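Note that this is a predicted model, so its numbers are computed, not measured. Below, chains carry the letters A, B, ... as their sequence lines are ordered, and counting in each starts from 1.
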Protein chains: 2
Amino acid sequence: MSKNEIKEAGLKVTLPRLQILEFLTANKGKHYTAEDLFTEMKLADQDLGLATIYRVLNQFETAGLVMKHQFEENQAVFEIDTGEHHDHMVDIDSGKVVEFYDENLEKLQEKIADEHGYDLIDHKMVLYVKKKK
Amino acid sequence: MSKNEIKEAGLKVTLPRLQILEFLTANKGKHYTAEDLFTEMKLADQDLGLATIYRVLNQFETAGLVMKHQFEENQAVFEIDTGEHHDHMVDIDSGKVVEFYDENLEKLQEKIADEHGYDLIDHKMVLYVKKKK
DNA sequence: CTAGGTGCAAATCCTTTGCAAGATG
DNA sequence: CATCTTGCAAAGGATTTGCACCTAG
């Protein structure tokens, strides 16, 4: 239950936090800007301040409940963190985001870092693609 | 010579454009924010407006003379585009940026896109690393 | 000359912050 | 009740834009 995750993050269980976490959980695999959430939640009669949304998302990110990505260079998007690592490809025509995971890719990245004398801590990767005809 | 590259980009050969392009060319492999350039060029007695720097960098990016990256989520950095594709790893302790190219990685990315029914158009990838002890 | 470029300051966009009022544990 | 949260509006930082003046072709 969301309640516990919030508590375990050391945060008080408030309505905004519950609503945001449940919304993202219910929409696993989808990516929302803060503004998207603001709008979507208003539609669901959950009227939160935009500032609150930003604050809560950042707290959730710190707590590892949520992941933040920068697919377009202006607005960040958020998605629930299920713990299963994955990368993204973005269809540049439709804007659609596809999640994927590739074992070899992960291994290769570690190998590359290693060859340069580094340990891989994290990575960011987005493939920009077009539908094949 | 920079003059021709600018001309071929369909832009007038002006002092600001020449200075920026030559500075970046002279510092191949280094990455600068617009503000960095503003400061560095002022030191070299090349006093350009910040707005001009932004404008010129964007024009150069469009023309393929320069590449823009987003290593940190707030400020974009620019480097000269030598035509040789490469990716980056960032040492999260020192902030140092290392460029690398890995054939297998490139192939693997295409393969992954392909398996999902897409053609790979572009990609963005940054490895965040720490020096090995 | 004329189209395009520059610099400045103001505007814009996304995100963060200060603060008074309102919940939570 | 003490502390943490919220919402609003104002502030902030990076980047863009309007406009009068300037410069390349």
Quick one: [X] [atom1] to [N] [atom2], roughly how many Å, whole number?
| X | N | atom1 | atom2 | value |
| --- | --- | --- | --- | --- |
| B:Glu73 | C:dT15 | CD | C1' | 10 Å |
| B:Glu61 | D:dT16 | CD | P | 10 Å |
| A:Phe38 | C:dC14 | CZ | C1' | 14 Å |
| A:Gln59 | C:dT15 | CD | P | 16 Å |
| B:Asn74 | C:dC14 | CG | P | 16 Å |
| B:Phe71 | D:dA14 | CZ | P | 17 Å |
| A:Gln75 | C:dT16 | CD | C1' | 15 Å |
| B:Arg55 | C:dA9 | CZ | P | 14 Å |

- [ ] Please say which of A:His88, A:Lys28, A:Lys30 ends up in a side chain to side chain donor-acceptor pair (under 3.5 Å) with A:Glu79.
- [x] A:His88
TODO: Indicate, with a heavy-atom threshold strictly under 4.0 Å, whether A:Leu15 touches base, sugar-phosphate, or nothing.
DONE: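 It contacts nothing in the nucleic acid.
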- [ ] Would you indicate what B:Ala76 reaches in the nucleic acid, counting non-hydrogen atoms under 4.0 angstrom: base, sugar-phosphate, or nothing?
- [x]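 The answer is sugar-phosphate, as B:Ala76 gets under 4.0 Å only of primed atoms, P, OP1 or OP2.
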Open item on the list: Less than 4.5 Å apart, side chain to side chain, heavy atoms only: is that true for A:Ile6 and A:Phe60?
Closed with: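 Side-chain contact under 4.5 Å: yes.
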Open item on the list: Can you work out whether B:Ile53 or A:Thr52 has the more 5'-proximal nearest nucleotide on DNA chain C?
Closed with: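 Closest to the 5' end, via its nearest nucleotide, is B:Ile53.
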Open item on the list: Rounded to the nearest 0.5 Å, what separates atom CD in B:Gln109 from atom CG in B:Asp114?
Closed with: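 Atom-to-atom, B:Gln109:CD and B:Asp114:CG are 13.5 Å apart.
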- [ ] With A:Phe38 as reference, evaluate A:Ile53, A:Thr33, A:Leu48 under the side chain to side chain contact (heavy atoms under 4.5 Å, CB included) test and give the passing residue.
- [x] A:Ile53
Among the nucleotides [options], which one has an atom lying closest to any side-chain atom of [X]?
| X | options | result |
| --- | --- | --- |
| A:Tyr54 | C:dG4, C:dT24, C:dC14 | C:dC14 |
| A:Pro16 | C:dT15, C:dG5, D:dT6 | D:dT6 |
| B:Lys12 | D:dG25, C:dT16, C:dT15 | D:dG25 |
| A:Leu48 | D:dT17, D:dT5, D:dG7 | D:dG7 |
| B:Asn58 | C:dT6, D:dT16, D:dG7 | D:dT16 |

TODO: Take B:Thr14 and B:Glu35, find for each the nucleotide of DNA chain D with the closest heavy atom, and name the residue whose nucleotide sits nearer the 5' end.
DONE: B:Glu35
Task: Short side-chain to backbone donor-acceptor contact, A:His69 and A:Met67, under 3.5 Å - done: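 Checking the backbone N and O of A:Met67 against the side chain of A:His69, no donor-acceptor pair under 3.5 Å is found.
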